[in-house]
Amino acid sequence: MIYLDGSRFFFDIEGCFSKLVSAARAETAAPGGEEAEKLCKGFAKYYGTAPENVRAGKDYPTLLRGILPKGCKAVIPDFDDCRKFFIASFPGNEPLIFKKPADMKLRPAVLAAFAAENSADVIFLSSPCCPTSLEMTLAEIETLVKGTGAMVIVDESRLVEDENSAIKLISGSANLTVLKKLRFGGEPVLAAGTNLPRFASGVAAPDEAAAAVIFEHDSALKTARRKLEDSRDSLYIRIKKLAVRYDSVERLYRSKADCVFLKVKDAEEKAKLLAESGITVRNDGDYLCIFAGDKPENEAVLKALEKIL
């Protein structure tokens with residue numbers, strides 16, 4: 001089975017330094033630091049922020065419960081995975097859903113006005129958005145942050161090009177927090193922002209040790225980013241060619257994430273046909289979201305996709 005549904009990442013980051021990572025995991029017998037200090041320092045150095053601005057959580061619920069108050073009122077755009085992360089973190093606390101226009105783009109002033117009208121404590125969104133693959137520019141994020149009194153949490157876990165990271169805005173923004181889920185070290189989620197509370201990270205000591213090794217040898221991260229960007233671009237260009245040829249593709253969105261998002265006639269049925277051919281992609285109503293894979297995986301999904309279109 002080929003999984004291009006976002007559940008797997010095709011590049012093995014830890015495998016690039018498997019001996020060092022294995023040794024670090026094996027040597028870590030004592031409990032890790034409660035706040036995963038080594039992990040936070042490595043993250044801070046790689047992404048260019050101060051270590052005191054970084055917090056780690058073993059998963060989204062641990063992190064979000066650590067940085068947000070219980071019972072907070074959150075605004076989350078539709079077609080955004082942040083909704084499921086928020087609900088998993090605060091069961092029973094349904095967020096307010098901000099309706100996106102047909103182009104799936106967010107307008108900072110409109111989003112800020114919606115949050116103000118609803119007295120929201122938090123605006124929580126992903127950029128680039130998962131699954132729509134669209135991003136807010138740094139200028140748009142800055143406009144949003146300055147235009148609202150709510151905390152703005154931007155999840156960049158699907159960001160391909162790190163030079164567009166909103167972490168650059170943190171030092172001048174008291175109400176901005178940026179999240180990133182790592183694809184190594186047990187896949188913890190980290191937050192970068194000013195004046196974040198301290199809490200128990202829950203990150204296992206061996207995972208923290210493994211992640212520290214990767215941040216010390218960041219060539220693997222740079223290689224992974226380059227391969228991911230190349231894979232995404234190739235997938236997008238070739239799906240765009242299919243969209244020109246087949247009427248069943250109603251709309252293709254310009255991808256800035258690690259996936260390609262398209263509106264397709266009978267999308268649910270087409271997703272089932274792909275699954276029957278051994279390929280799993282994500283289906284959201286009238287849309288398909290196909291995540292970048294390695295070259296053979298991309299070739300397989302493109303061949304199957306053309307057949308069903």
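The structure presented is a predicted model; accordingly, all values stated were derived computationally and were not measured.
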**Asked** L4 and T280: side chain to side chain contact (heavy atoms under 4.5 Å, CB included), yes or no, with the steps?
**Response** CA-CA 6 Å; L4 294 184; T280 301; over 6 Å; no
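- With hydrogens and angles disregarded, a donor-acceptor distance shorter than 3.5 Å links the side chain of N283 to the backbone of G285.
- Summarising the geometry, atom CG belonging to D80 is positioned 3.5 Å from atom OG belonging to S126; distances are rounded to the nearest 0.5 Å.
- A cation-pi arrangement, defined by a distance under 6.0 Å to the six-membered ring centre and an angle within 45 degrees of its axis, is absent between R282 and F291.
- We find that R25 and D207 are joined by a salt bridge, their nearest charged nitrogen and carboxylate oxygen being less than 4.0 Å apart.
- Proximity of R232 to S255: side-chain heavy atoms (C-beta onward) are separated by under 4.5 Å at one or more points.
- Between the N118 side chain and the F114 main chain, a donor and an acceptor come within less than 3.5 Å of each other.
- With K180 as reference, I167 is the one residue of V189, V54, V154, I167 to meet the side chain to side chain contact (heavy atoms under 4.5 Å, CB included) rule.
- Under the salt bridge (charged side-chain N to carboxylate O under 4.0 Å, His left out) criterion, D78 pairs with K99, not counting sequence neighbours.
- In this structure a side-chain-to-backbone donor-acceptor pair under 3.5 Å is present from S173 to L169.
- We find that D121 and K73 are not joined by a salt bridge, their nearest charged nitrogen and carboxylate oxygen being 4.0 Å or further apart.
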**Request:** Verify side chain to side chain donor-acceptor pair (under 3.5 Å) between D59 and T62, making sure each step is shown before the conclusion.
**Result:** CA-CA 6 Å; D59 50 28; T62 302; 2.7 Å; yes
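- Judged purely by atom type and a 3.5 angstrom limit, R55 has no side-chain atom pairing as donor or acceptor with the backbone of A192.
- Under the 6.0 Å cut-off for aromatic ring centres, Y287 and F79 qualify, their centroids lying closer than that.
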**Request:** Let me see the working for D286 and R251 under salt bridge (Lys or Arg N to Asp or Glu O under 4.0 Å), right down to the final yes or no.
**Result:** CA-CA 10 Å; D286 296 331; R251 186 162 191 163; over 6 Å; no
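- Counting only distance, with no hydrogens or angles, the side chain of S127 and the backbone of M136 share a donor-acceptor pair below 3.5 Å.
- Close placement of the F184 and F215 rings is indicated, their centers lying within 6.0 Å of each other.
- Donor-acceptor pairing under 3.5 Å is lacking for the side chains of Y236 and S231.
- Look at R183 and D258 and you find a salt bridge, because one of the NZ, NE, NH1 or NH2 atoms lies within 4.0 Å of a carboxylate O, short of that distance.
- Taking CD1 from I214 and CG from L39, the interatomic distance works out to 11.5 Å, rounded to the nearest 0.5 Å.
- Residue pairs meeting the salt bridge (charged side-chain N to carboxylate O under 4.0 Å, His left out) criterion with at least one partner in residues 130-151, sequence neighbours excluded, are E142-K146.
- Formation of a donor-acceptor pair under 3.5 Å by the E156 side chain with backbone atoms of V178 is not found in this model.
- Using a 4.0 Å cut-off between charged nitrogen and carboxylate oxygen, D103 and R107 count as a salt-bridge pair.
- In terms of modelled atom types and a separation under 3.5 Å, the side chain of D294 and the main chain of E297 share a donor-acceptor contact.
- Atoms CD1 and OH, on I279 and Y3 in that order, are 12.0 Å from each other to the nearest 0.5 Å.
- Residue K168 holds its NZ atom at 6.0 Å from CG of L138, rounded to the nearest 0.5 Å.
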**Request:** Could you go through the side chain to side chain contact (heavy atoms under 4.5 Å, CB included) check for L159 and K256 one step at a time?
**Result:** CA-CA 7 Å; L159 183 65; K256 298 298 290 184; over 6 Å; no
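- When each of P128, S133, C129 is checked for a side chain to side chain contact (heavy atoms under 4.5 Å, CB included) with C259, only S133 meets the rule.
- Checked for salt-bridge contact, K227 and D230 miss the test: no charged N lies under 4.0 Å from a carboxylate O.
- Hydrophobic cluster membership is shared by F86 and L179, with clusters built from Ile, Leu, Val, Met, Phe, Trp and Tyr side chains linked at under 4.5 angstrom.
- Ion pair R245/E306 flagged as a salt bridge, since at least one NZ, NE, NH1 or NH2 atom sits closer than 4.0 Å to an Asp/Glu carboxylate oxygen.
- When atom types are taken as modelled, the side chain of E208 and the backbone of K38 share a donor-acceptor pair closer than 3.5 angstrom.
- Distance check: L302 CG to N298 CG gives 6.0 Å after rounding to the nearest 0.5 Å.
- Proximity of a side-chain donor or acceptor of K270 to a complementary backbone N or O of K265 within less than 3.5 Å is detected.
- Of the possible donor and acceptor atoms, one in the side chain of D5 sits under 3.5 Å from a partner among the backbone N and O of S7.
- Here L176 contributes atom CG and T148 contributes atom OG1; the two are 11.5 Å apart, rounded to the nearest 0.5 Å.
- With respect to E216 and K41, no salt bridge is recorded, no charged nitrogen being found less than 4.0 Å from a carboxylate O.
- Within the hydrophobic cluster formed by Ile, Leu, Val, Met, Phe, Trp and Tyr side chains joined at under 4.5 Å, directly or through other members, I87 stands alone, with no partner residue.
- Between R83 and E94 there is a salt bridge, with a side-chain nitrogen of the basic residue lying less than 4.0 Å from a carboxylate oxygen of the acidic one.
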